[in-house]
Structure formats: structure tokens, C-alpha cells
2 protein chains.
Amino acid sequence: MPVVLAKELARVLEQEIIFGEIAPEARLVEEEVGERFGISRSPVREALRLVEQDGLVIRHPRRGIWASPVGRADLDEVYSCRLALEGLAAEQAARARAPSHVAALEKALAEMEAAHARGDVRAYFQGNVDFTDVIHDAAKNETLRRLLNGIGKQALRYRYLAYASAPELVTMSLSGSKDILAAVSQGNARLAREVTERLIRRSWDAIGAAIERGAAA
Amino acid sequence: MPVVLAKELARVLEQEIIFGEIAPEARLVEEEVGERFGISRSPVREALRLVEQDGLVIRHPRRGIWASPVGRADLDEVYSCRLALEGLAAEQAARARAPSHVAALEKALAEMEAAHARGDVRAYFQGNVDFTDVIHDAAKNETLRRLLNGIGKQALRYRYLAYASAPELVTMSLSGSKDILAAVSQGNARLAREVTERLIRRSWDAIGAAIERGAAA
DNA sequence: CATGTGAGTAGTGTATACAGTCTACAGTAT
DNA sequence: ATACTGTAGACTGTATACACTACTCACATG
């Protein structure tokens with residue numbers, strides 16, 4: 001299986017940004033990144049274009065690239081967009097209502113439940129990401145998928161942080177995900193949108209509160 | 001003023017795709033593009049990354065890049081997303097309600113009116129694009145702006161095509177734009193969203209009908 | 001005829017070198 | 001002390017060369 005270095009590198013950098021191994025607003029220098037991974041600047045440049053596309057870095061032409069910031073203002077930007085688009089995705093998924101996607105949602109939910117029962121936040125997070133990815137697939141709209149990718153990764157930083165710091169969010173997320181699955185499997189597009197938007201709003205509020213607490217510390 | 005070739009080239013290629021000088025699904029070969037513009041493959045590659053980000057080309061790794069398709073399925077993908085995001089932009093613009101943005105909207109609308117009065121579709125189109133850009137600025141949400149850029153250019157192909165082929169759309173667009181301006185200048189966020197969504201829906205229907213007519217020809 | 005294999009070529013992906021821009025800092029003038 | 005200018009170095013952007021992959025076509029085999 002041949003690999004495109006740029007794409008692989010983009011994936012790694014994104015993970016590092018999401019999980020905080022690359023700090024918000026940290027400078028990314030092409031040569032340094034290349035040295036770290038033992039590759040030349042060409043695929044680094046291309047990878048950084050991809051990471052930029054996903055909103056995780058900001059480029060200032062001829063001056064450099066920085067990891068994008070994390071904070072209340074950024075959260076509000078990302079979540080207002082996410083509210084609009086995740087609601088649309090759920091609606092379109094419910095309309096399409098493909099059995100294989102419903103099965104995949106059930107599987108992801110089972111994994112989330114098991115992780116929750118054993119108190120494993122990281123596994124819960126991964127299950128929840130999988131659940132969200134299935135909804136995006138199930139919407140069968142490639143343009144929407146691309147847009148969701150554009151903010152989904154930004155949102156992941158907040159989602160991970162939130163689950164780790166506010167465990168009641170995990171319970172709320174699990175319950176909301178059950179509602180989404182029910183609406184999608186019944187083909188109820190309007191309900192799917194509503195419960196998705198409700199869950200996003202609650203997450204937004206809870207993450208916002210966690211950030212404000214963080215800011216006060 | 002120094003220039004980044006990749007960015008300039010991306011702009012040119014996007015214009016050519018939007019106005020049909022590069023046909024839907026046409027193959028774009030790096031070396032050929034470089035020869036056309038007298039530059040090397042490096043900035044061509046970077047430009048094509050940017051154009052891909054805006055949804056106007058599709059890359060198949062190790063195989064090449066093609067202009068993205070135009071058709072009913074693509075229209076529906078783009079417009080369902082646009083409905084969600086343009087509505088949000090108008091809502092946020094009305095909330096922000098900055099006098100300089102209201103003034104810019106009035107100016108753009110005046111230009112649209114003058115163009116309409118003299119039957120100049122291309123100038124009308126440009127005025128309408130300017131109007132839309134002001135709304136995006138006025139929303140003061142950089143993430144949303146980035147997402148709208150991601151589909152706005154895809155939508156431009158349809159918008160231009162539609163105005164040229166269905167003149168009643170121009171009248172409808174002008175009227176809808178007046179409604180949006182009124183709602184934004186009153187700071188009525190809910191109304192701004194509603195009238196924007198109504199206009200987008202009508203455009204979607206009209207463009208869809210124009211495509212079906214085109215398909216039958 | 002249908003299918004498989006191998007060679008050649010087109011074109012993408014990566015490495016390296018060079019040119020240009022920006023930033024930081026030292027030196028000089030007021 | 002402050003402001004301005006010039007220089008060096010860091011780093012981005014572009015050009016070119018090489019390596020690798022995918023596709024096409026000709027030929028061989030069943």
C-alpha cells in the first residue's frame with residue numbers, strides 16, 4: 001500500500017495539535033518538522049496545507065505557520081458552525097436511513113457504553129468520534145463531509161478537553177447519542193436534527209464553562 | 001507588494017473553473033498548468049491544494065486532479081450546506097450590526113440595482129457577489145468565513161449560470177437582497193436568517209430547474 | 001476470442017538548491 | 001534616551017532533478 005507522506009504527516013500533526021502535544025499558537029517551522037520526521041520540506045509544506053484546510057493551523061504568507069488558538073472566541077466560532085452543519089448531517093442521515101449505517105451507529109454506541117461503564121474517557125472519546133463519523137458518512141453528502149472535516153478537527157480539541165475535565169458531559173453525550181440513533185433509525189429527519197442541535201448546544205455551554213473555569217485558574 | 005505565485009494562480013484557476021473556461025471534470029496536469037503560466041510545478045501544486053480546498057477540483061492521490069463536476073447532485077450538496085451556513089452568516093451579521101457593514105451592503109445593493117436597470121447580468125453578478133462577501137465579513141466569524149469560502153466558489157458556478165439563463169432569478173435576487181439588508185440593518189437576526197434561507201431555497205429551485213432543462217436539451 | 005504479462009511513458013510525489021522576504025539586533029545620529 | 005539604518009540570519013517560496021506509481025498498449029498464452 002503506497003503512502004503519500006504529506007497526507008500521513010498531516011494526520012500525525014493533527015493528532016498532536018488535537019491532543020495538545022503541539023501547544024495552541026505554537027510556531028511550526030517547515031525545516032524543523034522535516035527534521036523531526038526525517039523527510040524533506042516538500043511533503044511538510046503540503047502537509048501543512050492540509051492541516052490548514054482543517055483549521056488547525058493559521059498561515060501568514062511569507063512569515064510562517066502557527067497552531068490555531070484555543071479559547072472562548074474560537075470555541076464560539078467553531079460551535080456555531082458545527083451546530084448548523086451537524087444538525088444538517090443528522091437530518092440527511094435520517095433521510096437516507098441506510099441499514100448499514102444504522103448498524104454502524106449501534107456498534108459505535110455499544111462501544112461508548114462499554115467505555116463509559118469502565119470509566120475510560122479516552123475510549124469513550126474514540127467511540128464518540130466514530131459515532132460522529134458514521135453520521136457524516138450516512139448523510140451521503142460529500143460537500144458536507146468536507147466542511148465538517150474543516151471544523152471537526154478543531155472541535156475535537158474541545159471535545160477531548162471537555163470529556164477529560166467534565167465527566168457529566170460524558171453521561172450527557174451518551175444519552176444524546178442514543179436519541180440521535182433512535183431518530184436516525186426511525187428516519188425522523190426533523191427529530192434527528194433537533195436532538196443533535198440540542199446535544200451540540202449543551203456541549204458548547206459545558207465546554208464554554210470549562211474554559212471560563214480554566215481562565216479563572 | 002510581494003506576491004505569492006501559488007495564491008495568484010489559485011485565483012486565476014478558480015475564475016476559469018467558475019466561468020467555464022475550464023470545463024467540469026476536465027483534467028488539470030501540473031506540468032501543463034505550469035507551462036501555460038510560465039512557472040514551475042511547485043507553486044502549481046500549492047495552487048491546486050488551494051483550489052481543492054475550495055471544492056473546485058478533486059484530487060485522486062498519485063493519479064491526478066480533475067475539475068469537480070457540475071450537475072444536480074452536486075448542486076444539491078452545495079446548496080443544502082449553503083442554506084445552513086448563509087443563514088447563520090446573515091443571523092450573525094444582524095447580531096453584530098456594524099454601521100460600516102450596513103453601509104457596504106447599501107453600496108453593493110445600489111450597484112446591483114443599477115446593473116439590473118441596464119440589463120447587465122455580469123455586473124449584477126459581481127454586485128451580488130460583493131453583497132454576499134459583505135455579509136460574510138459582517139458575521140465576524142473567521143471559521144464561518146473559511147467554510148463559506150469552501151462552498152462559495154462552488155456555488156458561484158451555479159449562480160453565474162443561473163443569472164445568465166434565467167433572468168427572473170435576477171429580479172428575485174434583487175428583491176431578496178433588499179429584504180436581507182433591511183433585516184440586518186434593523187438587527188433582526190431571526191428575520192435575517194429567514195429571508196436569507198428563503199432566497200437560497202428559491203435560487204436552489206430555480207437553478208435546479210435550469211439544470212434539468214439543460215439536461216433535457 | 002479473452003486474459004495475463006511486461007515494457008514504456010506520463011505524470012505525481014519527494015529531495016535539494018537557490019532566491020527573496022522578514023525579523024532581530026547592532027551601530028549611528030539626533 | 002529615542003529613532004533610524006544597515007546587515008546577517010532564519011525561513012518561506014520557487015525551480016529543478018530524481019524516484020515512484022499508475023496507465024496504456026503490444027504481445028503471448030490458453
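Numbers restart at 1 for each chain; the letters A, B, ... are given by sequence-line order, proteins then strands. None of the values given here were measured: they were computed from a predicted structure. Every heavy atom of this structure was used, including side-chain atoms; hydrogens, water molecules and symmetry mates were not.
Near DNA chain C, defined here as any heavy-atom distance below 4.0 Å, the residues from residues 31-49 of chain B are R41(B), R45(B), listed numerically.
Protein chain A touches strand DNA chain C; the 5'-most and 3'-most nucleotides with an atom under 4.0 angstrom of its non-hydrogen atoms are dT14(C) to dT23(C).
Every ring pair (Phe, Tyr, Trp, His ring centres under 6.0 Å) that Y160(B) has, sequence neighbours left out, goes to F19(B), F125(B).
Proximity of R62(B) to the phosphate of dA22(D): a side-chain N or O atom is located under 4.0 Å from OP1 or OP2.
Whole-Å rounding puts the R59(B) CZ to dA22(D) C1' distance at 16 Å. Rounded to a whole Å, the CG atom of L5(B) is 7 Å from the C1' atom of dT14(D).
Separation of atoms CG (L75(B)) and CD1 (I207(B)) is listed at 6.0 Å; rounding is to 0.5 Å. Expressed to the nearest 0.5 Å, how far CZ of R11(A) lies from CD of E14(A) amounts to 9.0 Å. Atom CD of residue Q92(A) and atom CG of residue N141(A) lie 4.5 Å apart, to the nearest 0.5 angstrom.
Exactly one of L181(A), V184(A), L148(A), T196(A) qualifies for a side-chain contact (heavy atoms from CB on, under 4.5 Å) with I135(A). That residue is V184(A).
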TODO: Let me see the working for S203(B) and R82(B) under side chain to side chain donor-acceptor pair (under 3.5 Å), right down to the final yes or no.
DONE: CA-CA 11 Å; S203(B) 296; R82(B) 202 160 170 251; 5.9 Å; no
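The shortest heavy-atom contact between R146(B) and Q53(A) is NH1-O, 3.2 Å.
Ring geometry, Y79(B) versus W204(B): the interplanar angle falls from 30° to 60°, so the pair is classed tilted.
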